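So the structure is just underneath, and the comments pick up after that.
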Amino acid sequence: MKISVIGTGYVGLPTGVGLAELGHDVICIDKDESKIKTLQSGQVTLFEEGLPALFKKNVESGKIRFSGSFQEGIENADVVILAVGTPPDPVTKEADLKYIFAAAEELAQYLNDYTVVAVKSTVPVGTGDKVEALIRQKNPTADFDVISVPEFLREGYAVQDFFHPDRIVIGSNSQRAQKVMHELYRYFEGKTEILYVSRYSSETIKYASNAFLAVKIHYINEMADFCEKTGADIREVAKGMGLDKRIGNRFLNAGPGYGGSCFPKDTMAMACMARKAGVNLSLIENVIEKNAARKKQMAHRILEQVKDIQDPKIAVWGLAFKEGTDDCRESPALEIVQELIAKGAKITGYDPKASENARKILGNQISYAADMYEAARGADVLAVLTEWPEFKKADLDKLSSLMRSQKIVDCRNMLNSNEAFEKGFDYSCIGQTFKTVS
Ligand code: UDX
């Protein structure tokens with residue numbers, strides 16, 4: 001089939017490459033000319049495990065190409081996928097749909113044969129109605145259906161999640177559209193559940209899923225606070241909880257609070273939508289507030305470790321919002337670092353992939369180290385802020401020899417507490433209490 005994907009970001013690019021790999025003819029469109037030029041030159045524009053190889057293969061086979069022209073992309077497409085950003089409005093925190101509506105307006109003029117317009121971006125319930133009305137107004141004779149096909153791709157795992165989704169949700173009551181989508185996703189027949197629901201339900205499933213995951217993460221973070229007061233170990237508690245199939249063992253890693261380009265914006269957008277509909281989602285409202293406060297709580301724990309030191313030097317391991325990605329949007333690590341900077345701390349940060357993106361946000365407010373040990377040189381405390389697996393394998397003897405004082409605040413429970421104590425560190429982490437080395 002001929003597919004057009006509008007938007008070549010963290011959702012659009014993996015989706016386009018994945019569909020090309022399934023054998024479809026894909027054209028990815030973006031208004032950002034520099035991004036299109038980079039993609040056309042054969043360069044992937046974001047870090048995603050496994051994407052470069054698939055990208056290269058499908059560019060070379062001609063199954064995927066890139067253009068800035070809507071006309072080129074839309075005219076012969078069977079399916080047009082909208083994968084543009086829906087960032088939070090800075091004031092209202094509602095999902096800003098300007099890119100969705102701009103894309104809908106522009107593509108409308110090029111629709112000729114029957115086309116399915118699939119909204120993959122995360123959009124408030126009822127947006128499909130607005131997109132449909134906009135296209136009809138722009139091109140009254142166009143033969144099309146607007147459907148909702150939400151994405152469930154985790155950053156850093158987008159390729160894996162594309163080919164091994166837990167479910168595919170198709171939001172449409174149009175038999176014609178469902179037939180087209182059945183053809184598009186034929187590869188997944190028998191591999192995963194393809195759920196056909198109304199457009200409203202599909203739009204809701206995305207927000208309800210992300211908000212639930214955010215609540216689950218905040219729940220385990222609050223349980224961690226409880227464990228710190230009772231002497232329990234949150235990792236043992238999470239393991240015991242997770243064996244209950246109704247709870248499940250994923251998204252039970254206590255940490256500094258969730259971040260990223262989705263959970264923060266989707267929880268806020270969900271709360272806004274509900275308030276406008278006259279429903280009080282008190283649980284989600286509470287999680288939004290407490291999750292933000294948790295970053296400040298983490299910064300306070302780090303500063304407590306160096307409160308008696310003149311001009312303390314703080315080493316930070318991890319700047320990305322989570323492991324496996326170079327993305328720093330709404331990164332808990334950066335929010336904590338900014339809190340530390342505000343209190344006058346001198347910081348050296350290290351991240352395996354995200355330093356350049358962190359520098360775009362922090363500039364020279366911190367120093368950037370080329371490796372984890374360089375970041376720790378001369379530091380009075382080490383803060384572990386992103387759950388990169390390499391931190392688990394840290395050589396604590398080497399770390400101890402490099403630091404000015406041996407203090408660690410492990411906000412991701414990456415290190416082995418017993419080993420840290422044996423090596424003489426004053427070690428603290430999340431959801432456990434220890435005697436500190438006096
Ligand atoms: C999320 C959803 O998982 C995905 O399905 C949706 O399509 C997009 O939003 P993503 O934002 O990439 O994906 O990251 P995710 O892996 O969900 O992590 C979000 C945040 O929660 C990160 O800051 C991560 O560090 C944190 N997290 C995650 C925890 O603190 N504990 C956990 O157990 C899991």
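The structure presented is a predicted model; accordingly, all values stated were derived computationally and were not measured. In listed order, ligands and their atoms are each counted from 1.
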| task | Tell me, please: is Lys216 in heavy-atom contact with ligand 1, that is, under 4.0 Å? | result | no

| query | Within a radius of less than 6.0 Å around CD of Glu33, do more than 12 heavy atoms belonging to other residues, nucleotides or ligands occur? | reply | no

| task | Considering heavy atoms of the protein only, find what lies nearest to atom 20 (C) of ligand 1 and give residue, atom and distance to 0.1 Å. | result | Gly259 O, 3.6 Å

| note | Here the atoms of ligand 1 under 4.0 Å from any heavy atom belonging to Glu387 are 24 (C), 25 (O)

| request: May I ask you to say whether Glu339 pairs ionically with Lys343, meaning some side-chain N is under 4.0 Å from a carboxylate O? | output: yes

| query | Side chain, backbone, both or neither: which part of Asp161 has a heavy atom under 4.0 Å from ligand 1? | reply | neither

| Between Trp317 and Phe391, how do the two ring planes meet: parallel, tilted or perpendicular, split at 30° and 60°? | parallel

| Any idea which atoms of ligand 1 are less than 4.0 Å away from a heavy-atom of Phe321? | 11 (O), 12 (O), 14 (O), 22 (C), 23 (O), 25 (O)

| Under 4.0 Å from any heavy atom of Leu252, which atoms of ligand 1 are there? | 33 (O)

| query | Got a second to check how far Tyr10's OH is from Thr45's OG1, nearest 0.5 Å? | reply | 8.5 Å

| request: Around atom 28 (C) of ligand 1, find the nearest protein heavy atom and jot down its residue, atom name and distance. | output: Ile217 CD1, 3.5 Å

| request: Would you confirm whether the ring centroid of Phe251 sits within less than 6.0 angstrom of the ring centroid of Tyr258? | output: no

| Any N/O of Leu213 closer than 3.5 Å to an N/O of ligand 1? | no

| query | In the protein, which heavy atom is nearest to atom 5 (O) of ligand 1, and how far is it? | reply | Phe152 O, 3.5 Å

| query | When you measure from atom 9 (O) of ligand 1 to every protein heavy atom, which one gives the shortest distance, and what is it? | reply | Cys262 CB, 3.1 Å

| query | Does Leu153 reach ligand 1 with a nitrogen or oxygen that is under 3.5 Å from one of the ligand's nitrogen or oxygen atoms? | reply | yes

| field | Protein heavy-atom partner closest to atom 12 (O) of ligand 1 - residue, atom, separation in Å | value | Glu155 N, 2.6 Å

Show me the donor-acceptor pairs within less than 3.5 Å that the side chains of residues 239-247 make with the rest of the protein, sequence neighbours left out.
from: Asp244; atom 1: OD1; to: Arg246; atom 2: N; distance (Å): 2.7
from: Asp244; atom 1: OD1; to: Arg246; atom 2: NE; distance (Å): 3.1
from: Asp244; atom 1: OD2; to: Arg246; atom 2: NE; distance (Å): 3.3
from: Asp244; atom 1: OD2; to: Arg246; atom 2: NH2; distance (Å): 2.7

| remark: heavy-atom search around atom 14 (O) of ligand 1 in the protein gives Lys322 NZ, 3.3 Å

| request: Report the nearest protein non-hydrogen atom to atom 13 (O) of ligand 1: residue, atom name, distance rounded to 0.1 Å. | output: Arg154 CA, 3.8 Å

| task | Examine ligand 1 and decide if any of its atoms is less than 4.0 Å from a heavy atom belonging to Arg412. | result | yes

| message | Looking at ligand 1, would Glu323 count as a contact under a 4.0 Å heavy-atom criterion? | response | no

| remark: Residue, atom and distance of the protein heavy atom nearest atom 6 (C) of ligand 1 read Lys206 NZ, 3.3 Å

| request: Flag this pair as yes if the NZ/CZ of Lys398 is under 6.0 angstrom from the six-membered ring centre of Tyr373 and inside a 45 degree cone about the axis; otherwise no. | output: yes

| query | How does Phe263 reach ligand 1, if at all, at less than 4.0 Å between non-hydrogen atoms: by side chain, backbone, both, or neither? | reply | side chain

| said: I'd like the name of whichever of Leu385, Asp166, Asn253, Asp327 reaches closest to atom 33 (O) of ligand 1 through any heavy atom. | reply: Asn253

